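This structure is a prediction, so every number in the text was calculated from the model and none was measured. All values below come from the heavy atoms of this structure, side chains included, with hydrogens, waters and symmetry mates left out. Note that the numbering runs from 1 along the sequence shown for the chain.
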Amino acid sequence: MDWDGDGRLDIVVGDRLGNVYYFRRLSFGDIYLEQGPMVPVAGRPIHVGLNSAPSATDWNGDGLTDLVVGRMEGVPTGLFLYVNEGSAGQPLFSGTDTVTCGGEPIQLYASYPDFGDLDGDGLEDLIVGNTTGRIPCYMNSGTPEDPLFLEYSHLVADGQEINFTTCVRPSICDWNGDALPDLLASTWEGTIHLFLGLESTGTGPHQWEEGVPCIRLRNGNPAVAAVTLTISVRKPTPALVRILSIDGRTVEENDMGTLAHGEHRLVIDMTRQPSGTYFILLDTGGAGFSSAFVLLD
């Protein structure tokens, strides 16, 4: 979003400690950014507790960028609202509110909000990633100036609720340029899943799109003694798997050769390695994929 009204897209991000930072895009280069101060409310930096997750939206339809910020704790609320009372070039937040559904605060842990018009009525609807692995969708039944969320339902793909069983971070986009809302969802394991929107209400199944990497990597997490990888490919693909320690050293390597279309399973012995956090790097000859896992004793 354009935070400072200069016509260039900027970035607002949260961090582990619950702060919210603003990075201004500079006028030169492709994507050069300059870190600004922490975003304040009433003159003091926004702080929501651990794992702040800001989402920029025009909450009240006045053309200014407002913020809805998720956090790790879900009680008494999981989502804070900051309405911009400044100008397009100088955002100003003087107060904090909560986001509600049916008049009650939305209480989700590790909440990760995003906004988009999912039903084509011109109103911004809300989805919230959280620790359950499911993605609740709150349809906006208010007005552009006064959003209203009365109930929710979980997003569905291929006739079933989307459920990753652990923390999920969803984002609404138009991935394939067909003017329908699509969904990207990342998981705690570091994988990113694509769901393409359908003409009818709902989200379609995972799809392999031309131009989208033709491989999916899943791994067990945490792992004990060995890590099991599941690699799915849609066409013959070379695969070199490396396990890296947290300091970047390669501790295990496995050249799988060229994988045929379908699903492949690889078990890597980790008994020689100490417990801790490790990274999986999958090199397919033209693209790289990564994931992380924790090795337990």
Would you please name every residue forming a ring pair (Phe, Tyr, Trp, His ring centres under 6.0 Å) with [X], sequence neighbours left out?
| X | answer |
| --- | --- |
| Tyr152 | Tyr138, His154 |
| Trp3 | Tyr22, Phe93 |
| Tyr278 | Phe293 |

Applying side-chain contact (heavy atoms from CB on, under 4.5 Å), can you list everything that pairs with [X], at least two apart in sequence or on another chain?
| X | result |
| --- | --- |
| Thr132 | Asn130, Arg134 |
| Leu123 | Asp121, Asn140, Pro144 |
| Glu252 | Ile243, Ile268, Met270, Arg272, Gln273 |
| Thr143 | Glu145, Asp146 |

Under a 4.5 Å cut-off applied to non-hydrogen side-chain atoms, are [X] and [Y] in contact?
| X | Y | result |
| --- | --- | --- |
| Val83 | Leu81 | yes |
| Leu126 | Cys137 | no |
| Asp174 | Leu180 | no |
| Val12 | Val20 | yes |
| Ile231 | Glu263 | no |
| Thr100 | Ile106 | no |

Could you check Thr228 against Leu266 for side chain to side chain contact (heavy atoms under 4.5 Å, CB included), going step by step and ending with a plain yes or no? CA-CA 6 Å; Thr228 300; Leu266 174 65; over 6 Å; no
Restricting to non-hydrogen atoms, name the atom on [X] and the atom on [Y] that form the minimum distance, rounded to 0.1 Å.
| X | Y | result |
| --- | --- | --- |
| Pro274 | Leu295 | O-CD2, 3.4 Å |
| Ile127 | Ser171 | CD1-N, 4.5 Å |
| Ala239 | Leu282 | CB-CD1, 3.9 Å |
| Ala53 | Ser111 | CB-O, 3.6 Å |
| Val13 | Pro54 | C-CG, 3.6 Å |
| Asp114 | Pro170 | CB-O, 3.9 Å |

Is there any salt bridge (charged side-chain N to carboxylate O under 4.0 Å, His left out) pair reaching into residues 55-71, and which pairs are they, with sequence neighbours excluded? none
Salt bridge (charged side-chain N to carboxylate O under 4.0 Å, His left out) partners of residues 89-106, not counting sequence neighbours, each pair once: none
Test log, rule side chain to side chain contact (heavy atoms under 4.5 Å, CB included), inputs Tyr82 and Leu92: CA-CA 9 Å; Tyr82 302 91; Leu92 175 65; over 6 Å; no
Compute whether any side-chain donor of one residue and acceptor of the other, for Thr250 and Arg242, lie under 3.5 angstrom apart. yes
Indicate every side-chain donor-acceptor pair of residues 33-50 with a distance under 3.5 Å to a residue at least two apart or in another chain.
residue : atom : partner : partner atom : Å
Glu34   : OE1  : Arg24   : NE           : 3.4
Glu34   : OE1  : Arg24   : NH2          : 2.8
His47   : ND1  : Leu17   : O            : 3.2

Any chance you could lay out the side chain to side chain contact (heavy atoms under 4.5 Å, CB included) test for Trp175 and Leu184, step after step, and finish with the verdict? CA-CA 9 Å; Trp175 182 265; Leu184 288 172; 3.6 Å; yes
Take Leu183 and Leu155, measure what side chain to side chain contact (heavy atoms under 4.5 Å, CB included) needs, and give me the verdict at the end. CA-CA 10 Å; Leu183 180 74; Leu155 290 184; 3.9 Å; yes
Would you call the rings of Phe195 and Phe164 parallel, tilted or perpendicular if under 30° counts as parallel and over 60° as perpendicular? perpendicular
May I ask you to list the residues sharing a hydrophobic cluster with Leu148, side-chain cutoff 4.5 Å, ordered by chain and number? Leu150
Could you list who else is in Val75's hydrophobic cluster, with ILVMFWY side chains joined at under 4.5 Å, directly or through other members? Tyr109
Residue Glu253 excluded, over 12 heavy atoms near CD under 6.0 Å: yes
